[in-house]
Structures are given as C-alpha cells and as structure tokens.
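Indexing begins at 1, ligand by ligand and atom by atom, following the structure's order.
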Amino acid sequence: MLTNKTIFITGATAGFGAACARLLVANGARVVVSGRRVERLERLKKELGASAHTLALDVRDNHAVEKAVASLPAPFDKVDILINNAGLALGLESFEKLALGDIRQMIDTNISGVLYCTHALLPGMIARDSGHIVNMGSIAGTYPYPGGNVYGATKAFLEHFTLNLKADLLGRNIRVTNIEPGMAETEFSQVRFHGDNAKAKSVYENTRPLTSEDIAETVLWCLTRPAHVNINRIELMAAEQAFSPFAVHRSIL
Ligand code: NDP
Ligand code: 8X3
C-alpha cells in the first residue's frame, strides 16, 4: 500500500512516532526516523533494518534541519510524506508560574520545528507534484483546560497552519492533515512532569487511554485514502475521556 513511499517522521524515538515507523514499514514504506536520542534511533534501525534511515536531529535547529534534508542518501532522499510528530508539553502550571525556558521550548519544538521541517521538505514535494504532510495536533488545540495554556496554543497553531497550508497548495497533489488525539499513554506525561514518573503514571491510572498504536493506525488510514480525498483534521479520544462543563467562579455570597 505504501510501497516505495519515503516517509520522514520527526520524534520517532518514542510514543506515536516510533509506533508510526513500525506500522508504516510493515505496510511497505521506507522511513527516515529522527529524534535527539541516538541510542533509541540505533535500536529502531536494528529493528526495522534496510527500510529505515536514522537521523539524529533536533527540530528546533533550522540549519540542522536544512542540512539533514539536503544530505539524505538515496533511496531516502525523495520524501513523499512528512509526519511532523515531534512535540511536547512542559508543565501544567497556570501561565504566570510557567518557566520561560519551558515556554520557549514548547514554542520552538511544537511550532518552529514543524515550520522548519515543512519548509525544508515541501519544495521537493512541489517539484514532484506529490506529497502528504501530517501534523500531530491535539485536542488541547481545540479545547482549553487549566494549565494547558502554551501547549494548547501551540497545538491550535497547528490546526490553523494545516488548513492554511492546504489553501496554499490548492491545485497540487499534496495533501495536508492534522491529527488531534486526546489522552494517550506514551512518555508524554513523564516529559510534561519533568521526569516525575509517579505523577505521570497517575494520569493514566484506572482508565484506558489511547495507545501509540491507535494513533499510528489513524495516520495510516489518512495516508491510504484515495488520492482525491484529503482528511483535513481528525479528532479522536479515549472512550473513557470526555468534556467538562464550563467553570463558573461564584463571587457573590
Ligand atoms: P513522547 O514523549 O512519547 O514522544 C515525543 C517525541 O518527540 C520523542 O520521540 C522525542 O524524541 C521527540 N522530540 C521532542 N523534542 C524534540 C526536538 N526538539 N527535536 C526532535 N524531536 C523531539 O510523546 P508522544 O508520542 O505522546 O507525542 C508525540 C506528539 O503527539 C507530540 O507532538 C505531542 O504533543 C502529541 N500528542 C500527544 C498526546 C498524548 O496524550 N500522548 C495527545 C495528543 C497529541 P527525543 O527526545 O529523542 O528528541
Ligand atoms: C495531549 C493531550 O489532553 O494531555 O496533547 O493535552 S492532553
């Protein structure tokens, strides 16, 4: 189904990205797997063999992104599909308590990283008049929650960037999709809570969150629709997750 397709995945060293790499290779693709943790990339390369090319890459570094894309070896050099998956939330404090460094890292990774990778890979897709860009948004980009502040805003950016990119690409055979998952158990909460594993684990306690494999299946479904179909956005959440009523502060006693 994805035979001879080259798929560039950011943040493939864990969670959704690693699951996408495995499933997409199982469906015939070759993958460029990237992330900062080299030992994880090496492990993935061992597992996926000749179908994978590894790239130690921090998406916040635009020069490194450009250089990495320009120096991809054949047969990984003509990227058909980009999965902008690398991203993170840092902290769940109200905005004024959030560290400036964490704010910067979320914006630089979740927004700038997506822009740099897209900017580096889109010209090749345009030249070949063929491509698909999949962004990893979140329900946090649509629904606010206390402490979501900057993280949610970065994901709202992706929702709108995806639609605007589609407007720019009208008339070309390049599709654009934003995937918007709810709570899924990965390393996401360990990162969000700065390595506090007990706190991270408690997020998923006594419930059934989405899994990385659920997200990979969703990505695969979007990629394998007929060429005339573009999935603009797709929102999914655990059956055991739902919405809260609007909060009301009662100040009149
Ligand atoms: P994980 O923490 O398990 O994986 C995140 C991945 O992003 C890792 O491979 C990490 O690799 C990579 N990454 C982080 N920063 C950078 C960077 N600067 N440069 C390159 N790679 C980076 O989380 P998930 O798999 O859950 O998250 C994947 C995406 O899905 C994120 O964008 C997240 O916001 C989104 N999401 C997650 C949800 C969830 O509940 N889990 C729900 C909705 C969306 P490394 O550290 O090796 O660089
Ligand atoms: C991750 C999902 O609900 O923790 O994007 O923000 S949530």
In the protein, which heavy atom is nearest to [atom], and how far is it?
{"atom": "atom 12 (C) of ligand 1", "value": "Gly11 CA, 3.5 Å"}
{"atom": "atom 9 (O) of ligand 1", "value": "Thr13 OG1, 2.7 Å"}
{"atom": "atom 19 (N) of ligand 1", "value": "Val59 N, 3.0 Å"}
{"atom": "atom 43 (C) of ligand 1", "value": "Pro181 O, 3.2 Å"}
{"atom": "atom 37 (C) of ligand 1", "value": "Phe16 CE1, 3.4 Å"}
{"atom": "atom 23 (O) of ligand 1", "value": "Thr186 OG1, 3.5 Å"}
{"atom": "atom 46 (O) of ligand 1", "value": "Arg36 NH2, 2.9 Å"}
{"atom": "atom 20 (C) of ligand 1", "value": "Leu57 O, 3.3 Å"}

Of the listed options ([options]), which comes nearest to [atom] when hydrogens are ignored and any heavy atom counts?
{"atom": "atom 7 (O) of ligand 1", "options": "Ala89, Ala86, Gly113", "value": "Ala86"}
{"atom": "atom 41 (N) of ligand 1", "options": "Ser212, Ala184, Pro209", "value": "Ala184"}
{"atom": "atom 32 (O) of ligand 1", "options": "Thr109, Asn85, Thr211", "value": "Asn85"}
{"atom": "atom 35 (C) of ligand 1", "options": "Met237, Met136, Met183", "value": "Met136"}

Per-atom contacts of ligand 1 with [X], taking only distances under 4.0 Å to non-hydrogen atoms:
{"X": "Tyr151", "value": "33 (C), 34 (O), 35 (C), 36 (N), 44 (C)"}
{"X": "Gly15", "value": "3 (O), 25 (O)"}
{"X": "Gly137", "value": "43 (C), 44 (C)"}
{"X": "Gly182", "value": "40 (O), 42 (C)"}
{"X": "Gly87", "value": "5 (C), 7 (O), 31 (C), 32 (O)"}

Validation row, ring centre Phe193 to ring centre Phe188 under 6.0 Å: no

Check: [Y] main-chain N/O paired with [X] side-chain donor or acceptor under 3.5 Å:
{"X": "Asp129", "Y": "Asn173", "answer": "yes"}
{"X": "Lys45", "Y": "Ala52", "answer": "yes"}
{"X": "Asn135", "Y": "Ile179", "answer": "no"}
{"X": "Lys166", "Y": "Phe161", "answer": "no"}
{"X": "Thr218", "Y": "Asp214", "answer": "yes"}

Within reach of ligand 1, part of Ala12 (heavy-atom separation under 4.0 Å):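 The answer is the backbone.
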
For ligand 1, the portion of Arg40 having any non-hydrogen atom under 4.0 Å away: neither

Members sharing Tyr143's hydrophobic cluster (side chains within less than 4.5 Å): Ile139, Met237, Phe243

Pair His194, Asp102: side-chain N/O donor-acceptor within cut-off below 3.5 Å: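 Result is yes, a qualifying pair exists.
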
Residue pair Thr10 / Ile83, side-chain heavy-atom distance below 4.5 Å: no

Crowding at CZ, Arg208 (>12 non-hydrogen neighbours, <6.0 Å):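 For Arg208, atom CZ is not crowded (no more than 12 foreign heavy atoms under 6.0 Å).
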
Distance-only N or O hit between ligand 1 and Ser138, under 3.5 Å: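 No: no nitrogen or oxygen of Ser138 is under 3.5 Å from one in ligand 1.
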
Kindly give the heavy-atom pair with the smallest separation between [X] and [Y], and that separation in Å.
{"X": "Arg192", "Y": "Gly148", "value": "NH2-CA, 4.4 Å"}
{"X": "Arg36", "Y": "Arg60", "value": "NH1-NH2, 3.7 Å"}
{"X": "Met125", "Y": "Asp80", "value": "CE-O, 3.9 Å"}

Lys/Arg-Asp/Glu bridge criterion (N-O < 4.0 Å) met for Arg40, Glu187: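 Salt bridge present between Arg40 and Glu187.
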
N-O pairing of Arg22 and Glu47 below 4.0 Å: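 Between Glu47 and Arg22 there is a salt bridge, with a charged N closer than 4.0 Å to a carboxylate O.
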
Tabulated below should be the N or O atoms of ligand 2 paired with protein N or O atoms at under 3.5 Å; can you produce that?
residue  : atom  : partner : partner atom : Å
ligand 2 : 5 (O) : Ser138  : OG           : 2.5
ligand 2 : 5 (O) : Tyr151  : OH           : 2.6
ligand 2 : 6 (O) : Tyr145  : OH           : 2.6

Asp58 near ligand 1 by a heavy-atom separation under 4.0 Å: yes

Any Lys155 heavy atom less than 4.0 Å from ligand 1: yes

Distance in Å, Ile7 CD1 paired with Leu82 CG, rounded so as to fall on 0.5 Å steps: 10.5 Å

Single-linkage hydrophobic cluster, 4.5 Å side-chain cutoff, Val191 and Tyr151 together: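 Yes, one cluster joins them.
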
